[in-house]
A.B. asks: 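Would you mind keeping the following structure in view while I ask a few things?
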Amino acid sequence: MEKPDILVIGGGGREHAIVHALKKSPRAGRIYCAPSNAGIDEEAEGVALAVSDFKGILAFLAGHPRIGLTFVAPDNPLADGLVNLLEEHGHRAFGPRAEAAVIEASKKFSKQLMKENHIPTAAYETFADYKKAEEYVLSAKYPLVVKADGLAYGKGVTICRHPAEALKALKDIMLDDVFGNHNPCVVIEEFLTGREVSVLAFTDGRTIKTMPSSQDHKRAYDGDKGPNTGGMGAFSPSPYYTPEMDAYAKEHIYLPTIEALNRMGRTFKGVIYFGLMMCADGIKVLEYNARFGDPETQAVLPLLKTDLLEIIDAVLDEKLDTLDIEWSDRTAVTVVYASGGYPGKYEKGLPVTIGDVGECYVYHAGTKLADGKIVTNGGRVLCVTALGNDIADARNKVYAALNNIRVEGGFYRTDIGLKE
Ligand code: AMP
Ligand code: GLY
């Protein structure tokens with residue numbers, strides 16, 4: 001199709017970064033985004049559909065025959081088979097099918113895949129029976145890590161220092177279904193120490209091409225204090241992820257993962273995310289995600305020089321091997337401005353003011369327009385990204401921009417990339 005229109009599914013900072021990158025493509029027609037937000041609305045046409053409204057999405061596509069590509073960004077619709085459904089209806093969709101997205105949606109599945117294929121990861125046990133899990137944590141070595149098997153909005157992992165914490169985590173997942181996914185299964189694994197790094201990659205199931213590495217900051221407050229969040233900031237690339245580590249990970253982690261999925265008839269096409277820990281005895285996988293990370297994407301995509309739509313086409317046409325993907329050699333720092341109270345309860349509808357941000361880019365996450373004014377509409381409100389010659393330079397720029405932005409009652413971490 002000549003210049004296809006595109007529908008992006010999702011409405012956060014990650015989707016704003018994706019829309020912004022697609023907008024630059026000379027190959028793209030009109031861009032729609034469901035459910036969008038106040039910032040995305042300035043670059044794309046917002047569509048009032050929830051990411052879980054598969055029927056509504058199909059109906060929207062039926063009414064918009066010029067849409068030649070649907071980009072499914074968030075984890076839940078991928079796990080629930082939106083790409084499968086779209087393909088069955090003859091639509092071109094970017095993102096893994098459910099049978100491949102399961103590497104994120106089930107930790108039990110991904111741990112087993114790693115074990116069977118000798119992909120380095122933490123030692124673990126899985127339990128579906130509460131009594132057995134309880135017995136295990138009462139006699140285990142600490143710290144240990146309890147993980148909900150299923151999707152849990154990034155909140156399914158608890159690092160436990162003593163049995164009381166482990167018992168609470170087991171009760172939440174196995175007895176009280178606090179994540180509401182009706183999945184009582186848990187993975188209990190060895191606690192790893194080291195530096196974390198995320199590596200995202202495009203893959204068409206045959207070739208895998210990594211993006212610059214990045215590092216998320218998951219805790220709410222400065223100094224890695226406070227509760228776990230969806231992510232409070234990121235930088236890219238990580239100065240600790242060396243070309244030697246990359247070569248090792250390609251051979252022992254990235255390719256074996258893709259090949260194992262192929263052998264199982266679960267070919268992965270899309271963006272695969274490797275959450276890694278650089279341990280004293282080598283790199284190990286903490287988790288897989290089946291999509292672009294949030295907020296890593298807001299740091300990584302601004303470094304992309306190649307047309308994102310050209311990459312998407314190469315993935316869908318299984319021609320990724322023929323494409324040279326170019327990245328800027330600059331460094332990106334992204335800081336998330338969150339609502340007061342996040343990741344706990346927070347108020348919505350509070351004013352957001354964005355002043356002069358220089359060359360920085362402000363990706364909107366939880367915002368909407370009310371009477372023509374931007375107001376808060378979620379826990380993570382804005383993601384501000386600066387590019388610099390190094391982390392210090394990018395940090396200076398991003399925090400200078402943040403001085404001219406205000407989210408009423410909100411907060412952001414002042415130490416994104418500081419240790420580096
Ligand atoms: P996950 O959702 O599996 O990435 O876990 C969320 C966060 O929990 C990770 O980014 C790590 O900071 C931490 N984590 C997960 N698994 C482990 C582990 N085995 N050892 C230490 N930290 C872990
Ligand atoms: N920032 C981590 C994630 O997207 O899962």
Side-chain angles (χ1 to χ4, degrees), residues 8 13-28 31 39 43 71 73 94 197-203 207-217 231 233-247 249-250 254 271-274 276 291-315 320-336 357-364 382-402 416-418 420:
V8 176
R14 165 183 54 206
E15 288 76 17
H16 193 176
I18 291 167
V19 164
H20 188 68
L22 289 172
K23 190 88 186 153
K24 289 192 274 192
S25 171
R27 302 173 166 218
I31 301 178
E43 303 195 58
F71 186 130
F94 182 77
V197 64
S198 306
V199 176
L200 286 77
F202 295 103
T203 179
T207 305
I208 182 159
K209 297 217 164 162
T210 54
M211 308 184 207
S213 61
S214 56
Q215 190 185 318
D216 187 4
H217 293 60
F235 57 81
S236 171
S238 165
Y240 299 98
Y241 184 76
T242 62
E244 295 72 42
M245 288 181 190
D246 188 58
K250 257 190 197 121
Y254 309 153
V271 171
I272 184 165
Y273 169 126
F274 301 91
L276 306 170
R291 53 178 172 80
F292 269 116
D294 190 342
E296 292 88 335
T297 306
Q298 294 90 305
V300 171
L301 272 188
L303 300 173
L304 178 63
K305 290 206 216 156
T306 304
D307 179 350
L308 177 60
L309 191 48
E310 198 178 343
I311 304 174
I312 290 171
D313 283 337
V315 166
L320 196 55
D321 58 331
T322 63
L323 189 68
D324 251 336
I325 302 179
E326 280 187 82
W327 298 93
S328 156
D329 55 11
R330 306 194 82 201
T331 294
V333 172
T334 299
V335 178
V336 172
V357 296
E359 283 167 24
C360 291
Y361 204 81
V362 181
Y363 296 113
H364 287 231
L382 301 172
C383 311
V384 186
T385 298
L387 300 188
N389 299 326
D390 52 29
I391 291 187
D393 184 32
R395 264 179 55 79
N396 286 341
K397 288 181 179 149
V398 79
Y399 284 110
L402 278 156
I416 304 301
L418 181 61
E420 283 64 35

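All values below were derived from every heavy atom in this structure, side-chain atoms included, with hydrogens, water molecules and symmetry-related copies excluded. All residue numbers in this chain count up from 1 along the given sequence.
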A.B. asks: Using a distance-only test with no angle check, is there a side-chain donor-acceptor pair under 3.5 angstrom linking Y273 and S198?
C.D. replies: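 Yes, because at least one side-chain N or O of Y273 sits under 3.5 Å from a partner of the opposite role on S198.
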
A.B. asks: List the steps and the verdict of side chain to side chain contact (heavy atoms under 4.5 Å, CB included) for V336 and V384.
C.D. replies: CA-CA 6 Å; V336 172; V384 186; over 6 Å; no

A.B. asks: Got a second to check how far R291's CZ is from F71's CZ, nearest 0.5 Å?
C.D. replies: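 With rounding to 0.5 Å, CZ (R291) is 11.5 Å from CZ (F71).
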
A.B. asks: Would H217 and F235 satisfy side chain to side chain contact (heavy atoms under 4.5 Å, CB included), going step by step from the backbone distance to the final call?
C.D. replies: CA-CA 9 Å; H217 293 60; F235 57 81; 3.6 Å; yes

A.B. asks: Residues in side chain to side chain contact (heavy atoms under 4.5 Å, CB included) with P212, at least two apart?
C.D. replies: S236, P237, V300, L303, W327

A.B. asks: With a 4.5 Å heavy-atom cut-off, do V8 and L22 have their side chains touching?
C.D. replies: yes

A.B. asks: Check step by step if side chain to side chain contact (heavy atoms under 4.5 Å, CB included) holds for L382 and V335.
C.D. replies: CA-CA 8 Å; L382 301 172; V335 178; over 6 Å; no

A.B. asks: With the side chain counted from C-beta on, respond yes when D307 and P26 share a heavy-atom pair under 4.5 Å apart, and no when they do not.
C.D. replies: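 Contact flag for D307/P26 side chains = yes.
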
A.B. asks: I'd like to know whether T334 forms a side chain to side chain contact (heavy atoms under 4.5 Å, CB included) with I416, so could you lay out the CA-CA distance, the side-chain angles of the two residues, the decisive distance to 0.1 Å, and finally the verdict.
C.D. replies: CA-CA 8 Å; T334 299; I416 304 301; over 6 Å; no

A.B. asks: Determine whether S213 and F274 make a side-chain contact, defined as any pair of heavy atoms from C-beta on separated by less than 4.5 Å.
C.D. replies: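 S213 vs F274: side chains apart.
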
A.B. asks: Which distance, rounded to the nearest 0.5 Å, do you find between the OG1 of T297 and the CD1 of I18?
C.D. replies: 6.0 Å

A.B. asks: Rounded to the nearest 0.5 Å, what's the gap from CD on Q215 to OH on Y240? Could you check?
C.D. replies: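 It is 8.5 Å, given to the nearest 0.5 Å.
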
A.B. asks: Could you name each residue pair satisfying salt bridge (charged side-chain N to carboxylate O under 4.0 Å, His left out) that touches residues 323-334, not counting sequence neighbours?
C.D. replies: none

A.B. asks: Answer whether the closest heavy-atom distance between the side chains of D313 and R27 falls below 4.5 Å.
C.D. replies: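 Yes, side chains in contact.
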
A.B. asks: With K250, which residues qualify under side-chain hydrogen bond (donor to acceptor under 3.5 Å, both in side chains), at least two apart?
C.D. replies: D246

A.B. asks: With distance as the sole test, does S238 use its side chain to make a donor-acceptor pair with the main-chain N or O of V197 at under 3.5 Å?
C.D. replies: no

A.B. asks: Tell me whether E296 contacts the main-chain N or O of D294 through its side chain, where contact means a donor paired with an acceptor under 3.5 Å.
C.D. replies: yes

A.B. asks: List for me each residue that meets side-chain hydrogen bond (donor to acceptor under 3.5 Å, both in side chains) alongside E359, sequence neighbours excluded, and say none if there are none.
C.D. replies: none

A.B. asks: Looking at K209 and D321, is there a salt bridge between them, counting it only when a charged N and a carboxylate O are closer than 4.0 Å?
C.D. replies: no

A.B. asks: Considering all heavy atoms of both residues, which atom of A73 and which atom of E15 are nearest to each other, and what is their separation?
C.D. replies: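 Minimum heavy-atom contact is CB-OE2, 3.3 Å.
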
A.B. asks: Check Q298 against G13 and note the closest heavy-atom contact, atom names and distance.
C.D. replies: NE2-C, 3.2 Å

A.B. asks: Provide the full list of salt bridge (charged side-chain N to carboxylate O under 4.0 Å, His left out) pairs with a residue in residues 384-402, sequence neighbours left out, each pair given once.
C.D. replies: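 Only D393-K397 qualify under salt bridge (charged side-chain N to carboxylate O under 4.0 Å, His left out).
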
A.B. asks: Quiz question: by atom type and distance under 3.5 Å, do the side chains of E43 and H16 form a donor-acceptor pair?
C.D. replies: yes

A.B. asks: To the closest 0.5 Å, what do you measure between CG (L323) and OG1 (T306)?
C.D. replies: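 Spacing of CG (L323) from OG1 (T306) equals 6.0 Å.
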
A.B. asks: Would you say the side chains of H20 and Y361 form a donor-acceptor pair under 3.5 Å?
C.D. replies: yes

A.B. asks: Residues two or more places apart in sequence or in another chain: which of them pass side chain to side chain contact (heavy atoms under 4.5 Å, CB included) with A394?
C.D. replies: V333

A.B. asks: How close do V199 and M211 get, counting heavy atoms only, and between which atoms?
C.D. replies: CG1-O, 4.4 Å

A.B. asks: What are the two closest non-hydrogen atoms of A17 and Y363, and how far apart are they?
C.D. replies: CA-CE2, 3.4 Å

A.B. asks: Could you state the interatomic distance from CG (L308) to CZ (F202), rounded to the nearest 0.5 Å?
C.D. replies: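 Result: 5.5 Å between the selected atoms.
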
A.B. asks: To the closest 0.5 Å, what do you measure between OG1 (T210) and CD1 (I208)?
C.D. replies: 7.5 Å

